[in-house]
Amino acid sequence: MNASNSKSPNFYESVYAVVKKIPKGKVTTYGHIALLLGNPRAARAVGYALNSLKKDRESKIPWQRVINREGRISFKGDSFRADLQKKILQTEGVFFDLGSDQLDFDKYGWFPLYEKRFSNHFDNRRF
């Protein structure tokens with residue numbers, strides 16, 4: 001998938017389909033969504049897709065479950081939306097560290113591509 005495809009309506013729909021799979025109480029990153037879609041450099045385009053969600057689809061696609069790679073909510077001057085995202089995540093059982101406003105990916109992360117790779121690798125080893 002090239003850069004021009006990452007802004008196409010079909011790419012956006014692919015983003016929405018993956019985001020729908022994120023379980024309640026879990027989060028993933030823009031970059032991991034891009035990686036799952038086969039375009040690891042399209043993290044920003046994933047953000048554009050989520051930002052362009054129409055109001056009537058926001059309740060059907062759990063956009064709030066996608067955050068940045070630092071474990072924080074990304075917002076470009078829209079503190080209302082960032083606060084809303086945090087509140088929705090808290091109702092789902094996802095909590096941020098009070099001091100840094102960062103969450104623990106070990107506890108709340110959803111990274112199926114990595115889980116599949118590592119589980120296959122570790123299944124054959126004894127610890």
side-chain hydrogen bond (donor to acceptor under 3.5 Å, both in side chains) pairs, two or more places apart, involving residues 83-98: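 Sorted result for residues 83-98: Gln64-Glu92, Arg65-Glu92, Lys86-Asp101, Asp97-Ser100.
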Name all pairs fulfilling the side-chain hydrogen bond (donor to acceptor under 3.5 Å, both in side chains) condition that reach into residues 17-29, sequence neighbours left out, sorted by first residue then second.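 Qualifying pairs, neighbours excluded: none.
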Spatial distance of atom CG (Leu103) from atom OH (Tyr108) [nearest 0.5 Å]: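 Between atom CG of Leu103 and atom OH of Tyr108 there are 7.5 Å.
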Which residues pass the side-chain hydrogen bond (donor to acceptor under 3.5 Å, both in side chains) test with Tyr30, not counting sequence neighbours?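 Per chain and number, Tyr30 pairs via side-chain hydrogen bond (donor to acceptor under 3.5 Å, both in side chains) with no residue.
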Between [X] and [Y], is any pair of side-chain heavy atoms under 4.5 Å apart?
| X | Y | value |
| --- | --- | --- |
| Phe95 | Asp104 | no |
| Ile61 | Val15 | no |
| Phe96 | Ile73 | yes |

Looking only at non-hydrogen atoms, find the nearest pair between [X] and [Y] and report the distance.
| X | Y | result |
| --- | --- | --- |
| Val19 | Leu50 | CG2-CD2, 4.1 Å |
| Trp110 | Leu36 | CZ3-CD1, 4.2 Å |
| Tyr12 | Ser52 | CE2-OG, 3.2 Å |
| Ala42 | Ala34 | C-CB, 3.7 Å |

Ring pair (Phe, Tyr, Trp, His ring centres under 6.0 Å) against Phe105, all qualifying residues, sequence neighbours excluded: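 Ring pair (Phe, Tyr, Trp, His ring centres under 6.0 Å) list for Phe105, sorted by chain: Phe111.
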Would a hydrophobic clustering, with Ile, Leu, Val, Met, Phe, Trp and Tyr connected at side-chain separations under 4.5 Å, put Leu84 with Phe75?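 Not linked; separate clusters.
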Which residues share a salt bridge (charged side-chain N to carboxylate O under 4.0 Å, His left out) with Arg81, sequence neighbours left out: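 Arg81 satisfies salt bridge (charged side-chain N to carboxylate O under 4.0 Å, His left out) with Glu58 only.
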Under the salt bridge (charged side-chain N to carboxylate O under 4.0 Å, His left out) test, which residues partner Arg44, sequence neighbours left out?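 Partners of Arg44 under the salt bridge (charged side-chain N to carboxylate O under 4.0 Å, His left out) test: none.
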Consider side chain to side chain contact (heavy atoms under 4.5 Å, CB included). Of Leu37, Val46, Asn39, which one does Ser14 pass it with?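 Going through the options one by one, the only one that passes is Leu37.
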